[in-house]
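Below is one structure, written out as C-alpha coordinates, with a few remarks after it.
Quick note: numbers below take in every heavy atom, side chains included, and nothing from hydrogens, waters or symmetry partners. Index from 1, following the sequence. Indexing begins at 1, ligand by ligand and atom by atom, following the structure's order.
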Amino acid sequence: MTSPADGTESVAAPLPGETHYSRDAELDERFYDGVETAFVSDITGIKDPDELKRHVLQVQREVYAIHPYPCIRLCNFVKVKISRFPIYKDLLQLGRERPGVLFLDVGCGVGHDTRKVVLDGFPANQIIASDLHPEFWGIGHKVFKSTPESFPVKFIASDAFDDTFLTYSGIIATLKSLDTPAAGSEQPVDLSALTSLTPLRGRVSVIYASSFFHLFDGERQSELASRLASLLVPAPGSFIFGSHIGRPEKGLRVMNITQSGWFSRIPWYSFTFYTPPYIRRIF
Ligand SMILES: C[S@@+](CC[C@H](N)C(=O)[O-])C[C@H]1O[C@@H](n2cnc3c(N)ncnc32)[C@H](O)[C@@H]1O
(Lines give C-alpha, C1' and ligand atoms only; values in the text may rest on other atoms or scores of the structure.)
Protein backbone atom coordinates (compact mmCIF):
# COMPACT_ATOMS: atom_id res chain seq x y z
CA MET A 1 0.00 0.00 0.00
CA THR A 2 1.18 3.50 -0.73
CA SER A 3 0.31 6.55 1.34
CA PRO A 4 0.24 9.67 -0.79
CA ALA A 5 1.48 12.78 0.94
CA ASP A 6 -1.65 14.77 0.09
CA GLY A 7 -3.76 12.60 2.38
CA THR A 8 -5.93 11.07 -0.35
CA GLU A 9 -7.20 7.53 0.08
CA SER A 10 -4.48 4.94 0.04
CA VAL A 11 -4.92 2.17 -2.51
CA ALA A 12 -2.91 -0.77 -3.71
CA ALA A 13 -0.36 0.00 -6.39
CA PRO A 14 -0.41 -2.18 -9.51
CA LEU A 15 1.47 -5.44 -9.33
CA PRO A 16 4.26 -5.96 -11.87
CA GLY A 17 2.75 -6.76 -15.22
CA GLU A 18 -0.67 -5.29 -14.38
CA THR A 19 -2.15 -2.66 -16.60
CA HIS A 20 -3.06 0.73 -15.28
CA TYR A 21 -6.31 1.77 -16.84
CA SER A 22 -7.33 5.35 -16.87
CA ARG A 23 -10.82 6.42 -17.84
CA ASP A 24 -9.47 9.05 -20.16
CA ALA A 25 -7.05 6.69 -21.91
CA GLU A 26 -6.90 7.32 -25.64
CA LEU A 27 -8.23 4.70 -28.00
CA ASP A 28 -5.45 2.73 -29.61
CA GLU A 29 -5.95 0.91 -32.92
CA ARG A 30 -3.31 -1.64 -31.96
CA PHE A 31 -5.87 -3.37 -29.75
CA TYR A 32 -7.73 -4.32 -32.93
CA ASP A 33 -4.92 -6.77 -33.69
CA GLY A 34 -6.35 -9.57 -31.52
CA VAL A 35 -9.85 -9.25 -32.96
CA GLU A 36 -11.31 -12.46 -34.39
CA THR A 37 -12.04 -10.94 -37.73
CA ALA A 38 -13.34 -14.16 -39.29
CA PHE A 39 -15.96 -14.43 -36.54
CA VAL A 40 -17.08 -10.80 -36.87
CA SER A 41 -17.00 -11.06 -40.66
CA ASP A 42 -19.13 -14.25 -40.65
CA ILE A 43 -21.82 -12.58 -38.56
CA THR A 44 -21.82 -9.09 -40.06
CA GLY A 45 -21.31 -10.21 -43.64
CA ILE A 46 -18.55 -7.60 -44.05
CA LYS A 47 -15.89 -9.37 -46.09
CA ASP A 48 -13.49 -6.53 -46.81
CA PRO A 49 -10.91 -6.43 -43.96
CA ASP A 50 -10.49 -2.66 -44.11
CA GLU A 51 -14.23 -2.06 -44.05
CA LEU A 52 -14.57 -4.49 -41.15
CA LYS A 53 -11.90 -2.66 -39.17
CA ARG A 54 -13.52 0.71 -39.90
CA HIS A 55 -16.88 -0.64 -38.76
CA VAL A 56 -15.59 -2.11 -35.48
CA LEU A 57 -13.51 0.96 -34.63
CA GLN A 58 -16.40 3.28 -35.46
CA VAL A 59 -18.73 1.42 -33.07
CA GLN A 60 -15.92 1.36 -30.52
CA ARG A 61 -15.54 5.15 -30.73
CA GLU A 62 -19.28 5.71 -30.29
CA VAL A 63 -19.48 3.37 -27.33
CA TYR A 64 -16.28 4.55 -25.68
CA ALA A 65 -17.55 8.11 -25.67
CA ILE A 66 -20.39 6.94 -23.40
CA HIS A 67 -18.87 3.91 -21.66
CA PRO A 68 -15.10 4.28 -21.43
CA TYR A 69 -14.64 0.78 -20.05
CA PRO A 70 -11.30 -1.00 -20.43
CA CYS A 71 -13.02 -3.91 -22.21
CA ILE A 72 -14.27 -1.50 -24.92
CA ARG A 73 -10.84 0.08 -25.31
CA LEU A 74 -9.18 -3.33 -25.55
CA CYS A 75 -11.73 -4.43 -28.21
CA ASN A 76 -12.68 -7.35 -25.95
CA PHE A 77 -16.25 -7.05 -27.17
CA VAL A 78 -15.14 -8.65 -30.46
CA LYS A 79 -12.67 -11.17 -29.02
CA VAL A 80 -14.25 -14.57 -28.47
CA LYS A 81 -13.35 -16.36 -25.26
CA ILE A 82 -15.99 -19.03 -24.71
CA SER A 83 -14.79 -21.48 -27.37
CA ARG A 84 -11.34 -21.66 -25.78
CA PHE A 85 -12.63 -23.67 -22.82
CA PRO A 86 -12.23 -27.44 -23.36
CA ILE A 87 -15.73 -27.95 -21.91
CA TYR A 88 -17.25 -25.77 -24.66
CA LYS A 89 -17.69 -28.84 -26.86
CA ASP A 90 -19.92 -30.38 -24.14
CA LEU A 91 -22.19 -27.34 -24.33
CA LEU A 92 -22.51 -27.73 -28.10
CA GLN A 93 -23.09 -31.46 -27.74
CA LEU A 94 -25.92 -30.86 -25.25
CA GLY A 95 -27.47 -28.39 -27.69
CA ARG A 96 -27.36 -30.99 -30.44
CA GLU A 97 -28.52 -33.98 -28.43
CA ARG A 98 -30.93 -32.79 -25.75
CA PRO A 99 -34.01 -30.95 -27.06
CA GLY A 100 -35.10 -28.13 -24.78
CA VAL A 101 -31.79 -27.86 -22.93
CA LEU A 102 -31.20 -24.30 -21.66
CA PHE A 103 -28.02 -22.20 -21.63
CA LEU A 104 -27.50 -18.94 -19.68
CA ASP A 105 -24.77 -16.33 -20.28
CA VAL A 106 -24.81 -14.17 -17.14
CA GLY A 107 -23.00 -10.82 -17.09
CA CYS A 108 -22.90 -11.23 -20.86
CA GLY A 109 -21.78 -7.71 -21.81
CA VAL A 110 -22.39 -7.16 -25.52
CA GLY A 111 -23.03 -10.89 -25.95
CA HIS A 112 -20.20 -11.72 -28.35
CA ASP A 113 -19.67 -15.11 -26.69
CA THR A 114 -23.42 -15.80 -26.87
CA ARG A 115 -23.20 -15.15 -30.59
CA LYS A 116 -20.37 -17.63 -30.96
CA VAL A 117 -22.55 -20.31 -29.31
CA VAL A 118 -25.38 -19.62 -31.79
CA LEU A 119 -22.94 -19.54 -34.72
CA ASP A 120 -21.71 -22.97 -33.64
CA GLY A 121 -25.21 -24.40 -33.72
CA PHE A 122 -26.74 -24.11 -30.24
CA PRO A 123 -30.45 -23.23 -30.72
CA ALA A 124 -30.92 -19.49 -30.17
CA ASN A 125 -34.39 -20.02 -28.68
CA GLN A 126 -32.83 -22.05 -25.84
CA ILE A 127 -30.47 -19.30 -24.69
CA ILE A 128 -30.91 -16.58 -22.09
CA ALA A 129 -28.41 -13.73 -21.83
CA SER A 130 -28.42 -11.25 -18.99
CA ASP A 131 -26.55 -8.15 -17.91
CA LEU A 132 -26.97 -5.24 -15.55
CA HIS A 133 -26.59 -2.76 -18.43
CA PRO A 134 -29.10 -3.28 -21.26
CA GLU A 135 -27.25 -0.81 -23.47
CA PHE A 136 -24.43 -3.37 -23.88
CA TRP A 137 -26.85 -5.76 -25.59
CA GLY A 138 -27.81 -2.92 -27.93
CA ILE A 139 -24.14 -2.33 -28.69
CA GLY A 140 -23.94 -6.02 -29.61
CA HIS A 141 -26.68 -5.53 -32.19
CA LYS A 142 -24.84 -2.52 -33.56
CA VAL A 143 -21.42 -4.09 -33.91
CA PHE A 144 -22.78 -7.40 -35.24
CA LYS A 145 -25.36 -5.69 -37.48
CA SER A 146 -28.29 -7.64 -36.06
CA THR A 147 -31.74 -6.94 -34.67
CA PRO A 148 -33.79 -8.70 -31.97
CA GLU A 149 -35.55 -10.45 -34.87
CA SER A 150 -32.42 -11.63 -36.67
CA PHE A 151 -30.71 -12.59 -33.40
CA PRO A 152 -33.61 -13.73 -31.21
CA VAL A 153 -31.71 -14.76 -28.06
CA LYS A 154 -33.73 -13.80 -25.01
CA PHE A 155 -32.02 -10.93 -23.17
CA ILE A 156 -33.05 -9.87 -19.68
CA ALA A 157 -31.53 -6.77 -18.10
CA SER A 158 -31.07 -7.14 -14.37
CA ASP A 159 -28.82 -7.18 -11.37
CA ALA A 160 -27.90 -10.82 -10.73
CA PHE A 161 -28.38 -10.17 -7.00
CA ASP A 162 -31.88 -8.79 -7.38
CA ASP A 163 -34.51 -11.06 -5.81
CA THR A 164 -37.14 -9.94 -8.31
CA PHE A 165 -34.84 -11.30 -11.03
CA LEU A 166 -33.98 -14.52 -9.24
CA THR A 167 -35.87 -15.42 -6.09
CA TYR A 168 -33.42 -17.08 -3.81
CA SER A 169 -33.74 -18.53 -0.34
CA GLY A 170 -30.62 -20.68 -0.11
CA ILE A 171 -29.55 -23.52 -2.35
CA ILE A 172 -30.95 -26.44 -0.31
CA ALA A 173 -34.34 -24.79 0.29
CA THR A 174 -34.55 -23.82 -3.38
CA LEU A 175 -33.79 -27.29 -4.70
CA LYS A 176 -36.18 -28.94 -2.23
CA SER A 177 -38.98 -26.63 -3.32
CA LEU A 178 -38.60 -27.42 -7.00
CA ASP A 179 -40.25 -30.06 -9.08
CA THR A 180 -37.67 -30.27 -11.83
CA PRO A 181 -37.73 -32.69 -14.75
CA ALA A 182 -34.98 -35.31 -14.81
CA ALA A 183 -32.01 -34.48 -17.00
CA GLY A 184 -32.79 -35.57 -20.53
CA SER A 185 -36.56 -35.18 -20.17
CA GLU A 186 -36.69 -31.38 -20.36
CA GLN A 187 -39.71 -29.89 -22.07
CA PRO A 188 -39.14 -26.90 -24.35
CA VAL A 189 -39.60 -23.63 -22.45
CA ASP A 190 -41.03 -20.57 -24.21
CA LEU A 191 -38.52 -17.90 -23.25
CA SER A 192 -40.21 -15.09 -25.15
CA ALA A 193 -42.38 -13.93 -22.24
CA LEU A 194 -39.71 -14.46 -19.59
CA THR A 195 -39.01 -11.40 -17.42
CA SER A 196 -36.95 -13.02 -14.68
CA LEU A 197 -34.88 -16.14 -14.08
CA THR A 198 -37.04 -17.40 -11.22
CA PRO A 199 -39.17 -19.72 -13.44
CA LEU A 200 -35.92 -21.32 -14.64
CA ARG A 201 -34.72 -22.50 -11.21
CA GLY A 202 -33.58 -26.08 -11.60
CA ARG A 203 -34.08 -25.88 -15.40
CA VAL A 204 -30.79 -24.54 -16.82
CA SER A 205 -28.18 -27.09 -17.91
CA VAL A 206 -25.22 -24.83 -18.59
CA ILE A 207 -24.27 -21.40 -17.24
CA TYR A 208 -21.41 -19.32 -18.60
CA ALA A 209 -20.07 -16.51 -16.40
CA SER A 210 -16.99 -14.78 -17.73
CA SER A 211 -14.91 -11.98 -16.20
CA PHE A 212 -17.77 -11.58 -13.76
CA PHE A 213 -17.12 -13.02 -10.27
CA HIS A 214 -14.09 -10.82 -9.73
CA LEU A 215 -16.34 -7.77 -9.71
CA PHE A 216 -17.60 -8.75 -6.24
CA ASP A 217 -16.10 -9.36 -2.83
CA GLY A 218 -15.80 -12.85 -1.34
CA GLU A 219 -19.18 -12.85 0.38
CA ARG A 220 -20.97 -11.70 -2.75
CA GLN A 221 -19.08 -14.24 -4.86
CA SER A 222 -20.34 -17.03 -2.58
CA GLU A 223 -23.88 -15.68 -2.81
CA LEU A 224 -23.62 -15.39 -6.60
CA ALA A 225 -22.33 -18.95 -6.92
CA SER A 226 -25.25 -20.25 -4.83
CA ARG A 227 -27.78 -18.18 -6.76
CA LEU A 228 -26.50 -19.48 -10.08
CA ALA A 229 -26.31 -23.04 -8.79
CA SER A 230 -30.01 -22.85 -7.90
CA LEU A 231 -30.74 -22.48 -11.63
CA LEU A 232 -29.00 -25.69 -12.62
CA VAL A 233 -30.80 -28.92 -13.44
CA PRO A 234 -29.91 -30.88 -10.27
CA ALA A 235 -28.38 -33.81 -12.11
CA PRO A 236 -24.96 -34.92 -13.35
CA GLY A 237 -24.03 -33.17 -16.57
CA SER A 238 -25.08 -29.66 -15.55
CA PHE A 239 -22.18 -27.25 -15.31
CA ILE A 240 -21.04 -23.66 -14.81
CA PHE A 241 -17.92 -22.46 -16.58
CA GLY A 242 -15.95 -19.31 -17.26
CA SER A 243 -12.81 -17.54 -16.07
CA HIS A 244 -12.23 -14.69 -13.71
CA ILE A 245 -9.33 -12.82 -12.24
CA GLY A 246 -8.27 -14.41 -8.98
CA ARG A 247 -5.39 -14.88 -6.64
CA PRO A 248 -4.11 -18.20 -5.33
CA GLU A 249 -4.87 -17.39 -1.70
CA LYS A 250 -7.92 -15.91 -0.06
CA GLY A 251 -7.58 -12.18 0.15
CA LEU A 252 -8.71 -8.90 -1.21
CA ARG A 253 -6.96 -6.59 -3.58
CA VAL A 254 -8.48 -3.32 -4.66
CA MET A 255 -7.52 -1.80 -7.97
CA ASN A 256 -8.84 1.67 -8.55
CA ILE A 257 -9.49 2.96 -12.01
CA THR A 258 -9.63 6.70 -11.84
CA GLN A 259 -9.73 9.68 -14.11
CA SER A 260 -6.17 10.66 -13.48
CA GLY A 261 -4.24 7.93 -11.75
CA TRP A 262 -4.11 5.50 -8.92
CA PHE A 263 -5.01 7.86 -6.11
CA SER A 264 -8.48 9.20 -5.75
CA ARG A 265 -10.96 9.83 -2.98
CA ILE A 266 -13.72 8.26 -5.06
CA PRO A 267 -12.72 5.14 -6.93
CA TRP A 268 -14.53 4.78 -10.26
CA TYR A 269 -14.53 1.04 -10.08
CA SER A 270 -13.07 -1.51 -7.75
CA PHE A 271 -12.16 -5.07 -8.57
CA THR A 272 -11.90 -7.65 -5.85
CA PHE A 273 -9.64 -10.60 -6.20
CA TYR A 274 -10.77 -13.50 -4.10
CA THR A 275 -11.50 -17.01 -5.23
CA PRO A 276 -13.22 -19.19 -2.63
CA PRO A 277 -12.07 -22.84 -2.89
CA TYR A 278 -15.40 -24.18 -4.12
CA ILE A 279 -15.59 -21.63 -6.92
CA ARG A 280 -12.14 -22.77 -7.99
CA ARG A 281 -13.53 -26.30 -8.19
CA ILE A 282 -16.49 -25.20 -10.31
CA PHE A 283 -14.48 -23.13 -12.76
C1 LIG B 1 -16.00 -7.43 -17.51
S2 LIG B 1 -17.60 -7.53 -18.21
C3 LIG B 1 -17.61 -9.20 -18.87
C4 LIG B 1 -18.49 -9.30 -20.08
C5 LIG B 1 -18.45 -10.66 -20.78
N6 LIG B 1 -18.97 -11.70 -19.92
C7 LIG B 1 -17.04 -10.98 -21.23
O8 LIG B 1 -16.47 -11.97 -20.78
O9 LIG B 1 -16.51 -10.22 -22.05
C10 LIG B 1 -18.63 -7.72 -16.77
C11 LIG B 1 -20.10 -7.58 -17.09
O12 LIG B 1 -20.84 -7.81 -15.89
C13 LIG B 1 -21.93 -6.91 -15.87
N14 LIG B 1 -22.37 -6.76 -14.47
C15 LIG B 1 -21.74 -6.09 -13.48
N16 LIG B 1 -22.41 -6.22 -12.32
C17 LIG B 1 -23.51 -6.98 -12.59
C18 LIG B 1 -24.60 -7.46 -11.81
N19 LIG B 1 -24.69 -7.17 -10.50
N20 LIG B 1 -25.54 -8.21 -12.41
C21 LIG B 1 -25.45 -8.50 -13.74
N22 LIG B 1 -24.44 -8.07 -14.53
C23 LIG B 1 -23.48 -7.32 -13.97
C24 LIG B 1 -21.36 -5.63 -16.48
O25 LIG B 1 -22.38 -4.79 -16.97
C26 LIG B 1 -20.47 -6.19 -17.57
O27 LIG B 1 -21.12 -6.29 -18.80
State whether the shortest distance between N or O atoms of [X] and N or O atoms of ligand 1 falls below 3.5 angstrom.
| X | result |
| --- | --- |
| Asp131 | yes |
| Ala160 | yes |
| Phe161 | no |
| Asp159 | yes |
| Leu215 | no |

Would you call the rings of Phe241 and Phe239 parallel, tilted or perpendicular, taking 30° and 60° as the class edges?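 Plane angle between 30° and 60°, so tilted.
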Look at the aromatic rings of His244 and Phe213 and report parallel, tilted or perpendicular, splitting at 30° and 60°.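 Because their plane-to-plane angle is over 60°, the rings of His244 and Phe213 count as perpendicular.
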Output, in order, the C-alpha distance, side-chain angles, deciding distance and verdict of ring-ring contact (aromatic ring centres under 6.0 Å, His included) for Phe39 and Phe144. CA-CA 10 Å; Phe39 163 71; Phe144 291 106; 5.7 Å; yes
Heavy-atom pairs closer than 4.0 Å: do any link ligand 1 to the side chain of Ala209, the backbone, both, or neither?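 Looking at Ala209 and ligand 1, no heavy atom falls under 4.0 Å.
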Is the contact between Phe216 and ligand 1 made by the side chain, the backbone, both, or neither, using heavy atoms and a 4.0 Å cut-off?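 Just the side chain.
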At a 4.0 Å cut-off, with the gap strictly under it, does some heavy atom of [X] reach an atom of ligand 1?
| X | answer |
| --- | --- |
| Asn76 | no |
| Ser158 | yes |
| Phe77 | no |

Per-atom contacts, ligand 1 versus Phe136 - under 4.0 Å to a heavy atom: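 The atoms of ligand 1 under 4.0 Å from a heavy atom of Phe136 are 25 (O), 27 (O).
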Using a 4.0 Å cut-off to any heavy atom of His133, which atoms of ligand 1 qualify?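 Listed by number with element: 25 (O).
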With Lys53 via side chain to side chain donor-acceptor pair (under 3.5 Å) - residues at least two apart: Glu29
Tell me whether Arg73 is salt-bridged to Glu26, with the criterion being a basic N under 4.0 Å from an acidic carboxylate O.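 Between Glu26 and Arg73 there is no salt bridge, as every charged N stays at least 4.0 Å from the carboxylate O atoms.
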Looking at Phe161, is Arg227 sitting on its ring face, NZ or CZ under 6.0 Å from the six-membered ring centre and within 45 degrees of the normal? no
Locate the shortest heavy-atom distance separating Phe155 from Cys108; write the atom from each residue and the value.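 Closest approach of Phe155 to Cys108, heavy atoms only: CE1-SG, 3.8 Å.
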Does anything in residues 112-126 form a salt bridge (Lys or Arg N to Asp or Glu O under 4.0 Å)? List the pairs, not counting sequence neighbours.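 Those involving residues 112-126 are Lys116-Asp120.
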